[in-house]
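Structure first, commentary second.
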Amino acid sequence: MAAATAPGPRAPQGEGGGSAAASALSMERIQSLTDLADLEAAYSRLCEEEKVVQEELDTLLEQQSTIENKMVALHRMGPNLQLIEGDAQQLAGMITFTCNLAENVSSKVRQLDLAKNRLYQAIQRADDILDLKFCMDGVQTALRNEDYEQAAAHIHRYLSLDKSVIELSRQGKEGGIIDANLKLLQEAEQRLKTIVTEKFDAAMKQGDLPQVERFFKIFPLLGLHEEGLSKFSEYLCKQVANKAEENLQLVMGTDLSDRRAAVIFADTLTLLFEGIARVVETHQPIVETYYGPGRLYTLIKHLQVECDQQVEKVVDKFIKERDYHRQFQQVQNSMVRSSSAEKIEPRELDPILTEVTLMNARSELYLRFIKRRIISDFEVGDSMASEEVKQEHQIYLDKLLNNCLLSRTMQELIGYYITMEEYFMRETVNKAVAMDSYEKGQLTSSMVDDVFYIVKKCIGRALSSSSIDCLCAMINHSTTELESDFREVLYNKLKQGFPATTFQDFQRGVTSAVNIMHSSLQQGKFDTKGIESTDEAKQSFLVTLNNVEVCSENIMTLKKTLESDCSKLLSQGFGGEQAQAKIDSCLADMAAVSNKFRDLLQEGLNELNSTAIKPQVKPWINLFLSVSHNIEEEEFSDYEANDPWVQQFIVNLEQQMTEFKAGLSPVIYDTLTGLMTSLIAIELEKVLLKSTFSRLGGLQFDKELRSLIAYLTTVTTWTIRDKFARLSQMATILNLERVTEILDYWGPNSGPLTWRLTPAEVRQVLALRIDFRSEDIKRLRL
């Protein structure tokens, strides 16, 4: 049938889709259905749609009260909205009225402002015309009366007038009169410039300072700033040159016996720099007042040229009179060839090196003064300037200070000085080493104090030059000298070792040595001279150890002193941006050298320990094996009355260390005692593990160990209980009454005790007790 093949009803499309479904199943469609299955399907669909519609109706009914409340609220807002609408319209009207009123007022203000500006322009134009007339009349009168300051003031006023206003005035009815006035003023300007220049030149020739300053102040009024500064600088340079020449002549006539003869050229430079500084201080206020800020640089630039010329003359005289270049060449040749015949005596260089550093210090002080003055002047002038202008001025300043002949000349002198100072230091250090001597009762020899006196002198002299590069160079040379040459001398002395002789053994009470001694005396072969030389070798070794330790301390003391001195130098403005980094690097190298001396000291102490202490201590400790510790009550009482080992061991140690205590510094002796203590702990542990113990034998060892620790504690400041911790724990184990008692001290029961022994070592020590069964030891759970 057709009804059976017809498509089923369409599903509703979401919420509210019931009406759509109802339209899909129209009455005509339902009436046309004849098949029971189709009818049932249509009925099911309609039921579902009815259910959906019912749910929608229920939802809407639930919202009815909310919707009604909102509708009531809207009805209540109606009157308010009408009031708001009325107020808004009234406000819009007021705003429109105010806007129109403001526009009218502002247009009136603009008109008034325009009228005001034009009035001011008219007044200014009238004033300028009057000023022009006044300047023309005034300059003529001033020139006739030779009142050049007043004439210059009128010309300055004329030059300050607004040119555009003057040009407008020339186009008016009085244009002809204004042109005539302008022509007269221009002629007066040229005439006044000529007069001022001639008067200034005449005053400069006559050396009339008041007149020179008088006309110098007039130049900026005429717009001649550069010319005025140039001419005034020329006058000041002549004054500086005359005074410098006079001072140089006095130098050449100085008697060699004069107390300042050794630094006379440094004094001459000082007088030159002080003279220029005085000139700058005297005339800086005039320049700033009449020429304005930022002009002092021009004056100083001209003065620096003259300063360079005078410095060149003084330095040339210094080089010639002190024979500086020849001595430098001789030093250079000596350093290259190292021939003693051609070497220059270091003492001859001492006064010259001192004078060079003084000359450089005075130069650095002068340049710092110039830099400070120019920077101060630029800061005032550049307060409103752009960054480009400020950077440009900084470039000018750096160029003036770094490229001037003074800086270059001093750099050259200091370059020679560094080489000569290095030679002076090296040669005098070599002499101090060659003349080394030792006085009885002293811990160190003479060369340590001598060498560090020389090093401090050379570095101090470089520091006095106020040159950071010079100071760093000398610190580096000093570091190299101490690290390479002087340390090598001490290393070679320690390399010879600490000799052990039969005489030394005799002093220490060793029986075998006594037998050898007697044998030698009976045969008549005992060489006392050999003993003396051996004693000297021993003393030399101990003194060298002290020397190394003092050197390390002296280097660190010198480093701290230099840190303080360099900090003061930098705080005074000497050195550039990288100065601190350079100094820190040099001082770090110095600290590294101090550590190398420390390492050398440790090597020497290890040598002394292995050569002089270990060969004696080890046999004394081995005597422990000859004393039975498998003892009963009677033997234990006998040991208590007559100690069989530890007391004699302590006596032997004390006798042995007495020699070192007298010959070594407290710090080194303490370190050596620490090494000996470590050696005793290691060797005693070895012999302990080779012995056997009874219960009382373990108690005896505990007493011996306590006596030994008590003695060693009195002879050293080191903490030695840590070194004997393993032995102390072994003594504790050997004192146990039964094997299982170890569990009271082991593991969770150890409390604050930290065991240094492994479980295997604990079992090994327990096995030393003859009364402990191996089966019980093996059964322990450690």
Side-chain angles (χ1 to χ4, degrees), residues 500 505 508-512 605-631 639 643-657 671-713 715-716 718-736 739 742 745 753-772 774 777 782:
D505 291 338
R508 291 172 183 169
V510 181
T511 306
S512 62
L605 285 172
N606 291 336
E607 168 68 18
L608 183 61
N609 186 45
S610 60
T611 304
I613 295 179
K614 188 174 182 179
Q616 300 300 325
V617 170
K618 193 172 180 180
W620 294 339
I621 293 176
N622 288 337
L623 290 175
F624 181 87
L625 294 172
S626 65
V627 178
S628 174
H629 283 75
N630 182 11
I631 58 177
Y639 283 179
D643 184 84
W645 174 75
V646 73
Q647 293 302 325
Q648 185 59 44
F649 180 50
I650 291 173
V651 170
N652 292 340
L653 288 178
E654 193 161 4
Q655 289 177 349
Q656 182 191 44
M657 297 305 290
T671 307
L672 182 63
T673 307
L675 291 174
M676 182 189 71
T677 302
S678 300
L679 174 66
I680 291 172
I682 294 170
E683 295 299 326
L684 186 56
E685 184 177 327
K686 290 179 181 178
V687 300
L688 176 72
L689 295 175
K690 296 177 183 178
S691 303
T692 56
F693 296 84
S694 64
R695 169 74 178 82
L696 290 175
L699 183 59
Q700 174 65 21
F701 172 70
D702 184 67
K703 290 173 61 179
E704 291 169 340
L705 183 62
R706 290 178 184 275
S707 298
L708 181 60
I709 291 174
Y711 165 71
L712 292 175
T713 302
V715 298
T716 180
W718 294 81
T719 302
I720 64 171
R721 293 194 178 276
D722 188 62
K723 296 180 180 180
F724 284 88
R726 286 172 58 86
L727 281 169
S728 297
Q729 291 173 5
M730 289 179 179
T732 300
I733 294 172
L734 292 173
N735 269 295
L736 298 177
V739 173
I742 185 66
Y745 303 96
L753 175 66
T754 301
W755 281 91
R756 304 293 181 88
L757 302 176
T758 64
E761 289 172 333
V762 170
R763 289 189 174 91
Q764 185 181 2
V765 175
L766 285 169
L768 300 178
R769 282 280 294 274
I770 59 171
D771 52 333
F772 288 167
S774 59
I777 297 172
L782 300 176

Practice item. For R695, enumerate each residue passing the salt bridge (Lys or Arg N to Asp or Glu O under 4.0 Å) test, keeping only those at least two apart in sequence or located in another chain. Key: none
Check your understanding: Please walk me through it: do M730 and L688 pass side chain to side chain contact (heavy atoms under 4.5 Å, CB included)?
Key -> CA-CA 9 Å; M730 289 179 179; L688 176 72; 3.2 Å; yes
Exercise for review: Begin with the C-alpha distance, continue with both residues' side-chain angles, and end with the deciding distance and a verdict on side chain to side chain contact (heavy atoms under 4.5 Å, CB included) for M676 and L712.
Suggested key: CA-CA 10 Å; M676 182 189 71; L712 292 175; 4.0 Å; yes
Study note, to complete from the structure: Sorted by chain and residue number, the side-chain hydrogen bond (donor to acceptor under 3.5 Å, both in side chains) partners of N622 (sequence neighbours excluded) come out as none
Check your understanding: With sequence neighbours excluded, what pairs up with Q764 under the side-chain hydrogen bond (donor to acceptor under 3.5 Å, both in side chains) test?
Key -> none
Exercise for review: Return the set of residues passing side chain to side chain contact (heavy atoms under 4.5 Å, CB included) with Y745 (not counting sequence neighbours), or none when no residue passes.
Suggested key: L736, E741, W755
Point to revise | Which residues share a side chain to side chain contact (heavy atoms under 4.5 Å, CB included) with E607, sequence neighbours left out | key: F541, S610, T611
Check your understanding: Can you name the residues that form a side-chain hydrogen bond (donor to acceptor under 3.5 Å, both in side chains) with D722, not counting sequence neighbours?
Key -> R756
**Study point:** Counterpart residues, side-chain hydrogen bond (donor to acceptor under 3.5 Å, both in side chains), relative to Q648 (two or more places apart)
**Key:** N652
Practice item. Would you please name every residue forming a salt bridge (Lys or Arg N to Asp or Glu O under 4.0 Å) with K703, sequence neighbours left out? Key: E640
Point to revise | Donor-acceptor pair, side chain of W620 and main chain of W645, under 3.5 angstrom | key: no
Review point. Taking only residues two or more places apart in sequence or in another chain, which ones pass salt bridge (Lys or Arg N to Asp or Glu O under 4.0 Å) with K686?
Key: E683
Study note, to complete from the structure: The salt bridge (Lys or Arg N to Asp or Glu O under 4.0 Å) partners of D643 (sequence neighbours excluded) come to none
**Study point:** 4.5 Å side-chain heavy-atom contact, L708 and L727
**Key:** no
Exercise for review: Can you sort out the partners of T713 under side chain to side chain contact (heavy atoms under 4.5 Å, CB included), two or more places apart, ordered by chain and number?
Suggested key: I709, I720
Check your understanding: Which residues satisfy the side chain to side chain contact (heavy atoms under 4.5 Å, CB included) test with S691, sequence neighbours excluded?
Key -> F624, L625, F693
